[in-house]
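See below for the structure under consideration.
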Amino acid sequence: MDRYDPKTIEPRWQKVWADEHTWEVSNEPGDERPKAYVLEMLPYPSGEPHIGHLKVYSVGDAIAHHRRRTGHRVLHPMGYDAFGLPAENHAIRTGQHPRESTEASIAEFRKQFREWGISIDWSREFGTHEPSYYRWTQWIFLRLLEKGLAYRKEAAVKWCPKDATVLANEQVIDGRCERCGTEVEVRQLTQWFFAITEYADALLDDLATIDWPSHVVTMQRNWIGRSEGAEVVFRCEELGTDYPVFTTRPDTLFGATFFVMAPEHPDVLRMNDSPEVRDYVNHALTSQAEDRGAENREKTGVPLGRTVTNPVNGEEIPVFVADYVLMEYGTGAIMAVPAHDERDHAFAVKFGLPIREVIGGGEDVQAQASTADGPMVNSGQFDGIGNREAFGQIVDWLQSEGKGEATVNYRLRDWLVSRQRYWGCPIPIIYCDICGAVPVPEDQLPVELPDVQDYAPKGKSPLAAAEDWVATTCPSCGGAGRRETDTMDTFVDSSWYFLRYCDASNETAPWDRDVLDAWMPVDQYIGGVEHAILHLMYARFFTKALADLDLVGVREPFARLFTQGMVTRDGAKMSKSKGNVVSPGAIVGEHGADTARCYILYVGHPAEGGDWSDDGIEGIHRFLARLWRAAAEAPAGDADNPAGEPTAVLRKAHWAIDKVSRDLGERFATHTSIAAVIELVNEIYKGRDEMSAMPEGVSQLRFAIATAGSLLFPFAPHLGAEVYELMTGRRVWEEPWPVADPALLESDSFELIVQIGGKLRDRIRAPAGASKDELEQLAMGSEKIKAQLEGKEIVKVVVVPGKLVNVVAR
RNA sequence: GCGGGCGUGGCGGAACUGGUCUACGCGCCGGCUUUAGGAGCCGGUGGCCGAAAGGCCUUGGGGGUUCGAGUCCCUCCGCCCGCACCA
């Protein structure tokens, strides 16, 4: 009883919250409080939680508690993104079923979350690998299929040879597999896709309707990569074929002096299949991303000995194959305008091709491509018109001639969702020789994942080995059928989990529409920036598609997003190879959950990376111990009615209420919130003897201690609850968030800064609430000021009430 | 290269609409307490000069706006993050 001991305090409160189901919220109508859906990104359960988990759930929990205590009905659930490669790779090494290792890990996560005292509604918990969940993942897949948003096609796709599976474009970083870093290959395969590109404009436009960090918005905007321009048809008379190109600069059409095709373009060899061309194409196809993508790389290419016709002036221009043109973007062929495009300029210089300026007033285009605006030149009927206007006029003219039209191009590709892996959600499709790809009927869902002996990928899904499972009957004709053996990308699982939480135990539907609409959207989403494109784009796409299917009532899933920074240790990134990993389990075991949670929120603004140092955590522990001791040793009294003249500690308590409310409610500044409570506790310590000596001081002291516990509760829930109960006998989470008394925020006097010409000359006490005139008189009455102003002419006097008086003199 | 962010003590970092720069913590120094402690408590701590009072300087460098700039503007330097031959 004489020492702060988290080992006894923390389990006691955890038991109260578990026994009373304190954090569960009902879906039944009748609760009139406004709703707040606070959600942290669900963890991927692998091994034990790491320090990043401690951080994200500490931040989210603080927000959830704050919302509850400001009168909201808070949904704060938890689940596990359980399918995925690491568990499967572990299975390949050890033979242990991925379900076993995953569920062991889930059990560990759950245990630690409870030990951390995170306020989760456990009644809504699930893992995405449970048939009762993925049944609905499959159900949604079939809805998308019906709507034409899921489809199967043969395409050149990215293949990771190490993981032996295809990858989505978003999972390829600099030509390498996002997971294992292996360079990806391109393969021609028939795969399942989701038509996310149909939502490209909506995904772009609706960014304006959500409150997200600007860098995430920018990343999504870049990824979607919308460009407005025109498709223009160049005809090759010799082959009798039209070649459309996409350009964002139709105003430069008259400056096109050659034409370039990507090496992958299917017509390259039709144009010219000489050994030289074949060599170039083969070389370009085999040399992969790393050198092809290299910046400012020397341009290479081969002339194809053919020409195409420029539709605006009938000019015949030569055709080249060159690897600076990408097959994936636009049409895989371009019109080259060396005067106004840097890349084309470099190519023209190297191959001695003409450079014709078509927009005047720019730089010397023979030396350098100009991108400046100006009047059109060398452009026939368009000469003299400003290029911006000419843009539209040329498009109109092309359209009327049937040689082109205005189009929009996107960088975004459809989402490839097939994976040739075991540990994922089976795709609910049956192939039949007669009926083709047939959806599994709804009443046969879920298509459960069968057990297999060997998880190792062999270029086809390990599921193919489960022959009893694969062989089935066609739901359409009753003949022999074979199940799809690919599984879905795990990002599909996490693209709708936030919807399932709303109605997690519904067995007849993924959710009830009324229940869903009552909770959605997520009001505050919290997670790492690493998902800025992948998860956050896919989840937005799902929400929009489901809205169009009339299954959800919102078009954006996450109204407000907060991205937290990475935790480093002593300035370095934590990694197993460096051996500098801090395990939350160890820290919590040593210092207690409250200390660990407060420290991680205290080391810096949560949006930025915090630096963990083992020395620093002692300071927080000391502070918590001081607060506990203050409560344990406080003289008896009444904490609710602080009577008498306000003492310094009472003012400090109100100041802390004001500060923490603002920081936690609006600025997410948990570190300065905790600093404010530390200051309050220091104030309590400083004056506790004299205050306890006077009767009204006791109640003010106890009020201040209770306030500290109350304000600390979102960050250190166990100690906050303990201290508050010691002072008031009540449960802090059932109490409203305290409101600062404005009258006590300011003291009755303050230190007035008196400056002459912006330089500090004197400090004097001034009464709070004094008028500008009174402050000015007071300042001018100061002996020091009088002395220094002697013989000078006062030009003007600036008065900032509550702060300073500045005299400008000459 | 393009877009965005940042630069404050020995360290992590505060500073709301321009108004006492360095809150809070770590570290360090001094003291108290303890059988002892790497435990606890109290005090001090931006730099330079000074016994002190006090003075001068200080938010990456330079310039500007202002009575007043960490904060706003220009410029240079440095770091971080995204995008990167996207036509």
Side-chain angles (χ1 to χ4, degrees), chain A residues 3 174 213-223 225-227 229 232 245-249 252 256 260 262 292-299 322-326 328-337 340-344 346-347 409-412 529 532-533 565 568 570-571 598-599 602-605 607-620 622-623 625-626 629 658-659 662-663 666-667 669 671-679 681-682 685-686 750-760 763 795-809:
Chain A
R3 237 185 138 76
D174 292 336
S214 63
H215 66 282
V216 177
V217 170
T218 306
M219 282 166 75
Q220 293 220 346
R221 195 168 280 143
N222 286 344
W223 187 262
R226 180 188 156 105
S227 313
V232 185
V245 299
F246 174 73
T247 178
T248 52
R249 295 293 306 275
T252 65
V260 189
R292 193 153 164 201
E295 64 184 290
N296 293 333
R297 178 167 168 261
E298 177 98 352
K299 295 281 178 291
D323 68 4
Y324 80 93
V325 176
L326 308 174
E328 302 94 85
Y329 189 79
T331 62
I334 61 152
M335 65 169 199
V337 183
H340 303 289
D341 182 281
E342 270 179 54
R343 297 152 301 175
D344 297 341
F347 192 86
N409 223 297
Y410 301 91
R411 207 181 85 111
L412 184 70
V529 235
I533 304 292
T568 54
D570 303 322
C598 279
Y599 181 63
Y602 174 75
V603 286
H605 193 286
E608 267 135 53
D611 194 61
W612 185 284
S613 94
D614 295 342
D615 296 325
I617 199 167
E618 298 291 345
I620 288 293
R622 222 170 294 177
F623 147 67
R626 272 202 297 270
R629 203 172 330 111
D658 185 57
K659 173 94 176 134
R662 196 145 37 87
D663 286 356
E666 299 154 32
R667 308 199 307 135
H671 57 321
T672 50
S673 294
I674 293 172
V677 184
I678 294 174
E679 284 186 65
V681 171
N682 288 345
Y685 250 65
K686 225 163 46 187
F750 68 96
E751 193 173 52
L752 182 70
I753 308 302
V754 188
Q755 300 174 332
I756 298 175
K759 283 216 183 283
L760 176 66
R763 300 164 187 235
V795 181
K796 73 173 168 179
V797 181
V798 182
V799 182
V800 182
K803 302 265 187 197
L804 60 80
V805 173
N806 183 42
V807 184
V808 186

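Just so it is clear: chains get the letters A, B, ... in the order the sequence lines come, proteins before strands, and each one is counted from 1.
Of all heavy-atom pairs spanning A/Phe246 and A/Gly330, the tightest one is CB-CA, 4.2 Å. Across every non-hydrogen atom of A/Gly225 and A/Tyr329, the tightest pair is O-OH, 4.5 Å. Closest non-hydrogen pair, A/Ile334 versus A/Val325, comes out as CG1-CG2, 3.6 Å. In terms of heavy-atom proximity, A/Arg667 sits nearest to A/Lys659 at NH2-NZ, 4.1 Å. Minimum interatomic distance between A/Asp344 and A/Ala336 (heavy atoms only, all atoms of both residues): OD2-CA, 3.2 Å. Across all non-hydrogen atoms, the minimal contact from A/Met219 to A/Ile533 is O-CD1, 3.3 Å.
Nearest-nucleotide positions on RNA chain B place A/Thr218 closer to the 5' end than the other of A/Asp344 and A/Thr218. Nearest-nucleotide mapping onto RNA chain B: of A/Glu679 and A/Val807, the residue sitting toward the 5' end is A/Glu679.
For B/G19, its base sits under 3.5 Å from the side chain of A/Gln755 at one donor and acceptor pair at least.
In this structure, A/Ile678 reaches the sugar-phosphate backbone alone: every heavy-atom distance under 4.0 Å involves primed, P, OP1 or OP2 atoms, never a base. A/Asn682 comes within 4.0 angstrom of sugar-phosphate atoms only, judged by non-hydrogen atoms across all strands, and of no base. Using a 4.0 Å heavy-atom cutoff across all strands shown, A/Arg221 reaches no nucleic acid atom at all.
Side-chain proximity of A/Arg3 to the nucleotides B/G82, B/A87, B/A39 is greatest for B/A39. The side chain of A/Arg411 approaches B/C83 more closely than any other nucleotide in the set B/A87, B/C67, B/C83. Nearest nucleotide to the side chain of A/Thr248, out of B/C24, B/A87, B/C85: B/A87. When distances run from any side-chain atom of A/Thr247 to the nucleotides B/C41, B/G43, B/A87, the shortest one goes to B/A87. In the set B/G43, B/C41, B/A87, B/C41 carries the atom at the smallest distance from any side-chain atom of A/Tyr685.
With rounding to whole Å, A/Asn409 atom CG is found 9 Å from B/A87 atom C1'. In this structure, CG of A/Asn222 is placed 18 Å from P of B/G1, rounded to the nearest angstrom. In this structure, A/His215 atom NE2 and B/C2 atom C1' are separated by 18 Å, rounded to whole Å. Rounded to an integer number of Å, the gap from OH of A/Tyr329 to C1' of B/A84 is 13 Å. Note: CD (A/Glu342) to P (B/C85) measures 13 Å, nearest angstrom. When the P atom of B/C24 is taken as reference, atom OH of A/Tyr599 falls 17 Å away, rounded to whole Å. Distance A/Ile334 CD1 to B/A87 P: 11 Å, rounded to the nearest Å. When the P atom of B/G38 is taken as reference, atom CD of A/Glu618 falls 13 Å away, rounded to whole Å.
Separating the C1' atom of B/C81 from that of B/C85 is a span of 22 Å, rounded to the nearest Å. B/G37 and B/G25 have their P atoms separated by 25 Å, with the value rounded to a whole Å. B/A51 and B/G60 have their C1' atoms separated by 37 Å, given to the nearest Å. Here the separation of B/A23 from B/G70, taken at their C1' atoms, is 15 Å to the nearest Å. Straight-line distance between the C1' atoms of B/C21 and B/G46: roughly 10 Å, to the nearest whole Å. Here the separation of B/G13 from B/G7, taken at their C1' atoms, is 13 Å to the nearest Å. For the P atoms, the distance from B/G62 to B/G9 is 15 Å, rounded to whole Å. Separating the P atom of B/G55 from that of B/G18 is a span of 29 Å, rounded to the nearest Å.
Pairing of B/G70, defined by two Watson-Crick or G-U wobble distances under 3.5 Å, is not identified with any nucleotide. Nucleotide B/G40 has B/C32 as its partner under the Watson-Crick or G-U criteria, with both atom distances under 3.5 Å. Nucleotide B/U45 is matched to B/G27 when pairs are restricted to Watson-Crick or G-U wobble geometry with both distances under 3.5 angstrom. In this structure, B/C79 forms a base pair with B/G5, meeting either the Watson-Crick or the G-U wobble geometry with both donor-acceptor distances under 3.5 Å.
Base orientation of B/G9: syn, the glycosidic angle falling within 90° of 0.
Side-chain contact between A/Asp658 and A/Arg662: present, with at least one pair of heavy atoms (C-beta onward) separated by less than 4.5 Å. Residues A/Ile674 and A/Tyr599 fail the side-chain proximity criterion, which asks for heavy atoms closer than 4.5 Å.
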- Message: Using side-chain contact (heavy atoms from CB on, under 4.5 Å), reason through A/Thr252 and A/Met335 one step at a time and then give a plain yes or no.
- Response: CA-CA 10 Å; A/Thr252 65; A/Met335 65 169 199; 3.7 Å; yes
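Regarding contacts with the backbone of B/G40, every side-chain N or O of A/Arg626 stays at 4.0 angstrom or more from both OP1 and OP2. Under 4.0 angstrom from either OP1 or OP2 of B/G5 there lies no side-chain N or O belonging to A/Ser214. Residue A/Arg622 has a polar side-chain atom (N or O) positioned under 4.0 Å from OP1 or OP2 of B/G40.
With A/Tyr324 as the aromatic partner, A/Lys299 meets the cation-pi criteria of under 6.0 angstrom to the ring centre and within 45 degrees of the ring axis.
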Report all interatomic pairs (protein N or O, nucleotide N or O of nucleotides 11-13 of chain B) with separations under 3.5 Å.
| unit_1 | atom_1 | unit_2 | atom_2 | d |
| --- | --- | --- | --- | --- |
| B/G12 | O2' | A/Val603 | O | 3.3 |

